[in-house]
Amino acid sequence: MALNDGEIAIVKGMLLRGDRQHDIAAYFGINGGRIAEISTGQTGSGITASPAEDLPPAGPYMAGRSALRARDTLTALRDLIQDAINDIDLYEKPKD
């Protein structure tokens, strides 16, 4: 997956800030080799780094599997909360 010029500028800003290449790759969901290419100037040599105020928070970032586990856990919690709300609503409704 190729990064566009705006994303390359962000990568360069993150590198200047001192972010680890592995963390930057995880943020963009790409292979670390793409970050190395930007770091060495092989890719995007004419693109200026984004200023610090335009960068995402520093990593580490959640990797793919961790993100999927977190999503599944949050979905299960959402369902449990909704079930609890439904149960409470049954007891709060006035009886005829």
Peer 1: Minimum heavy-atom separation for G6 to S50, with atom names?
Peer 2: O-OG, 4.4 Å
Peer 1: What distance separates N4 CG from I10 CD1, expressed to the nearest 0.5 Å?
Peer 2: 8.0 Å
Peer 1: Could you state the interatomic distance from CZ (R69) to CG (D72), rounded to the nearest 0.5 Å?
Peer 2: 9.5 Å
Peer 1: Is R34 close to N31 at the side-chain level, that is, under 4.5 Å between some pair of heavy atoms?
Peer 2: yes
Peer 1: What residues, two or more places apart in sequence or in another chain, satisfy side-chain hydrogen bond (donor to acceptor under 3.5 Å, both in side chains) together with R71?
Peer 2: none
Peer 1: Taking the side chain as everything from C-beta on, heavy atoms only, tell me whether L55 gets closer than 4.5 Å to D19.
Peer 2: no
Peer 1: Side-chain atoms of residues 20-29: list all donor-acceptor pairs with protein atoms under 3.5 Å, sequence neighbours left out, distances to 0.1 Å.
Peer 2:
from, atom 1, to, atom 2, distance (Å)
R20, NE, D23, OD2, 3.0
R20, NH2, D23, OD1, 3.0
R20, NH2, D23, OD2, 3.1
Q21, NE2, S39, OG, 3.3

Peer 1: Is there side-chain contact between Q82 and D79, with at least one heavy-atom pair below 4.5 Å?
Peer 2: no
Peer 1: I'd like to know if the side chain of K12 and the backbone of I47 have a donor-acceptor N/O pair within less than 3.5 Å.
Peer 2: yes
Peer 1: Got a second to check how far E92's CD is from D87's CG, nearest 0.5 Å?
Peer 2: 11.5 Å
Peer 1: With D83, which residues qualify under side-chain hydrogen bond (donor to acceptor under 3.5 Å, both in side chains), at least two apart?
Peer 2: none
Peer 1: Between I8 and L3, what is the shortest heavy-atom contact and its length?
Peer 2: CD1-O, 3.7 Å
